[in-house]
Amino acid sequence: MTKPIKTIFVGTPEFSVPYLQGLLADPDFLVTGVITQPDKPSGRKQTLTPSPIKLLAQANNLTIWQPEKLRQDESIVAALRNSGAVLMVVVAYGQIIPQSILDLFPLGAINVHPSLLPKYRGASPIQNTILNGDKVTGVSIMLMDAQMDHGPILAQEITDLDGEETNESLHFKLATTGVPLLLATIKNYLNKSIAPQPQIDSEATFCQMITKEDAKIDWTQSATAIKQKIYAFYPWPATWTMLDGQRFKIFPKVEVLKKSGPAGQIEVNDGQLVIYCGVDALQLQQIQLEGKNRAPAADFIRGYQIKNPILK
RNA sequence: CGCGGGGUAGAGCAGUCUGGCAGCUCGCCUGGCUCAUAACCAGGAGGUCAUUGGUUCGAAUCCAAUCCCCGCAA
């Protein structure tokens, strides 16, 4: 390729950042603008906070669009057309992109999805991979169409899981394989050395957006299931339960022990904090009580006097 | 002014309501016991009680303001 490909990048959270960085660092691409979610109130003081992608775009003096509703924003269509961009790359944007915008790019719109499509279409593929205790996952690069995560696949790369991955570490791991895969795949696709493969829709599974209620622990579940939940929701929204009427967060790592007792019962023994589950028990290492800083379980035991040793 | 918890020795906390010797569990240092140890015994060091001002004979504690950390919410 002789001329750099004029590209629009579309993305929002931390997950998108390495992909934009990869495109910026590659001389075959010229990122001319970025579409990201509007600044949202965040933090305790409800201050407006720009998305990670916006910060990176600002640092590189890129044009930034932050439509409230991309679907209804007519002005952006003209702006994109005038930008001369021929390719769109979408990584975790957070809004549906209408066909009218996809059609603006002669070379197409390419999407990165952190699962082995058609498995885990939707909003929380990484979390669900861990939640279900999968042994393998991966990154898919696909051409976008009007349906969510439905377009034909250009490339996939499989990643093995060791059972100790958190949402955070798996995000990172998939970025390290996904970024080079994205760059190489775009070039191969434009060279016509790979052909898009339609997804097998009958094998598709879907995942919903994670809510904080999803992250509450049901202690009658097995210790293994609860462990997967703790890892899947770390660091956000953080798996939690209630202790003495206060929110009690549990962070990795945790260990499954072959012990049984009443579900939700706390046992303190030899400086170890163990909670009985529906099947087996969990030994905790990092916890946080409402209003307190995160602390090692041993420190927590030393200082906190438990009133009612049952977690709910 | 969205709601709430917190700041006390290196760590985690009690003490604050009801003002009156700076405490607990650990960690650290020294010595002892022990074949040995994360065990046990004895001794020790380590504090601007977040900051500033006020009330008081006397403030970690009561009053006012400020800074910082955290949970909820968004």
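Residue numbers start from 1 in every chain, and the chains themselves are labelled A, B, ... in the order their sequence lines are given, proteins ahead of strands. The structure displayed is predicted, hence computed values, not measured ones.
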K.L.:
Starting from P on B/G4, measure out to CE on A/M242 and report it in whole angstrom.
P.N.:
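A/M242 atom CE is separated from B/G4 atom P by 17 Å.
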K.L.:
Please report the distance, rounded to the nearest Å, between CD in A/Q285 and C1' in B/G12.
P.N.:
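Those two atoms, CD and C1', are 17 Å apart.
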K.L.:
Ignoring hydrogens and angles, state whether a donor on the side chain of A/Q156 or A/S140 is under 3.5 Å from an acceptor on the partner side chain.
P.N.:
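Side-chain D/A pair, A/Q156 to A/S140: present.
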K.L.:
Look through every strand shown and name the nucleotide pairing with B/U30 as Watson-Crick or G-U wobble, where both distances are under 3.5 Å.
P.N.:
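Here B/U30 is engaged in a pair, and the nucleotide opposite it is B/A42.
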K.L.:
Go nucleotide by nucleotide along RNA chain B from the 5' end; which of A/N293 and A/P296 gets its closest nucleotide reached first?
P.N.:
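Looking at the nearest nucleotide for each, A/P296 comes out on the 5' side.
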K.L.:
Taking B/C69 as the reference, what is the distance to B/A59 when you measure between their C1' atoms (whole Å, please)?
P.N.:
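So the two C1' atoms sit 25 Å from each other.
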K.L.:
Is A/K249 close enough to B/G71 that one of its side-chain N or O atoms is under 4.0 Å from OP1 or OP2 there?
P.N.:
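Indeed, a polar side-chain atom of A/K249 lies that close.
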K.L.:
Measuring only the P atom in each nucleotide, how far is B/G10 from B/G6? A whole number of Å is fine.
P.N.:
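Result for the P pair: 22 Å, nearest Å.
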K.L.:
Distance check, C1' atoms only: B/G15 and B/C24, in whole angstrom units.
P.N.:
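My reading of the C1' atoms in B/G15 and B/C24 gives 10 Å.
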K.L.:
Verify the cluster assignment for A/L154 and A/M142: are they in a single hydrophobic cluster under the rule of side-chain heavy atoms below 4.5 Å apart?
P.N.:
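Different hydrophobic clusters.
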K.L.:
Please work out whether the ring planes of A/Y19 and A/F15 are parallel, tilted or perpendicular, with thresholds of 30° and 60°.
P.N.:
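Rings of A/Y19 and A/F15: tilted, as their planes differ by 30° to 60°.
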K.L.:
Between P on B/A14 and CD on A/Q305, what's the gap in Å once rounded to a whole number?
P.N.:
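In whole Å, B/A14 P and A/Q305 CD are 8 Å from each other.
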K.L.:
Taking only the side-chain nitrogens and oxygens of A/R247, find out if one of them lies under 4.0 Å from OP1 or OP2 of B/C72.
P.N.:
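Yes, A/R247 has a side-chain N/O under 4.0 Å of OP1/OP2 on B/C72.
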K.L.:
Please report, rounded to the nearest Å, how far the P atom of B/A11 is from the CZ atom of A/F300.
P.N.:
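So the CZ-P distance, A/F300 to B/A11, works out to 18 Å.
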K.L.:
Which base sits across from B/U55 as a Watson-Crick or G-U pair, both distances under 3.5 Å?
P.N.:
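Its partner: none found.
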K.L.:
Are any non-hydrogen side-chain atoms of A/L284 and A/V274 less than 4.5 angstrom apart?
P.N.:
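Result no, sub-4.5 Å side-chain heavy-atom pair not found.
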K.L.:
Write down the distance separating the C1' atoms in B/C40 and B/A45, rounded off to the nearest Å.
P.N.:
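Here B/C40 and B/A45 have their C1' atoms 22 Å from each other.
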K.L.:
Just so I know, are the side chains of A/P118 and A/D201 near enough to count as touching, which here means a heavy-atom distance under 4.5 Å?
P.N.:
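A/P118 does not reach A/D201 side chain to side chain.
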K.L.:
Tell me which of A/P237 and A/R302 sits closer to the 5' end of RNA chain B, going by the nucleotide each one is nearest to.
P.N.:
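Going by which nucleotide is closer to the 5' end, it is A/R302.
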K.L.:
For A/N111 and A/Y93, test the side chains for any donor-to-acceptor distance below 3.5 angstrom and give the result as yes or no.
P.N.:
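On atom types as modelled, these side chains do not qualify, holding no pair under 3.5 Å.
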K.L.:
Where the side chain of A/K292 is defined as all heavy atoms beyond and including C-beta, which of B/G12, B/G71, B/G6 is the nearest nucleotide?
P.N.:
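Of B/G12, B/G71, B/G6, B/G6 is nearest to the side chain of A/K292.
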K.L.:
In whole angstrom, give me the gap between the C1' atoms of B/C21 and B/C63.
P.N.:
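About 26 Å, rounded to a whole number of Å.
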K.L.:
Sticking with atom P, work out how far B/A9 lies from B/G46, rounded to a whole angstrom.
P.N.:
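Their P atoms lie roughly 14 Å apart.
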K.L.:
How far does the P atom of B/A38 sit from the matching atom of B/C29, given to the nearest Å?
P.N.:
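11 Å, rounded to whole Å.
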K.L.:
A/I306 has an atom CD1; how far is it from atom C1' of B/A14, in whole Å?
P.N.:
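After rounding, the reported distance stands at 16 Å.
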K.L.:
Using both distances under 3.5 Å as the test, list the Watson-Crick or G-U wobble partner of B/C35, or none.
P.N.:
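Per the H-bond distance test, none.
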K.L.:
Sort out the partner of B/G2 for me: Watson-Crick or G-U wobble, both distances under 3.5 Å, none otherwise.
P.N.:
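Base-paired to B/C72.
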K.L.:
Please give, in whole Å, the distance from B/A73 C1' to A/W236 CH2?
P.N.:
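About 12 Å, once rounded to whole Å.
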K.L.:
Given atom CD of A/Q272 and atom C1' of B/A38, what is their separation to the nearest angstrom?
P.N.:
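The answer, rounded to whole Å, is 12 Å.
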K.L.:
What does A/Q288 touch in the nucleic acid at a heavy-atom separation under 4.0 angstrom: a base, only the sugar-phosphate, or nothing?
P.N.:
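A/Q288: backbone/sugar contact only, no base atoms under 4.0 Å.
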K.L.:
OP1 or OP2 of B/A73 versus the side-chain N and O atoms of A/K212: is any pair under 4.0 Å?
P.N.:
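Result: yes.
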K.L.:
Please work out which of the three classes, parallel, tilted or perpendicular, describes the rings of A/F300 and A/F248, given edges at 30° and 60°.
P.N.:
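Rings of A/F248 and A/F300: tilted, 30 to 60°.
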K.L.:
Sticking with atom C1', work out how far B/G7 lies from B/U52, rounded to a whole angstrom.
P.N.:
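Roughly 16 Å separates the two C1' atoms.
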K.L.:
In this structure, how many angstroms lie between the P atom of B/C70 and the CG atom of A/D299, rounded?
P.N.:
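In whole Å, B/C70 P lies 17 Å from A/D299 CG.
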K.L.:
B/G12 pairs with which nucleotide, Watson-Crick or G-U wobble, both distances below 3.5 Å?
P.N.:
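Partner of B/G12: B/C24.
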K.L.:
Return the nucleotide paired to B/C67: Watson-Crick means purine N1 to pyrimidine N3 with N6-O4 or O6-N4, wobble means G-U with N1-O2 and O6-N3, both under 3.5 Å.
P.N.:
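For B/C67, the partner nucleotide comes out as B/G7, under the 3.5 Å rule.
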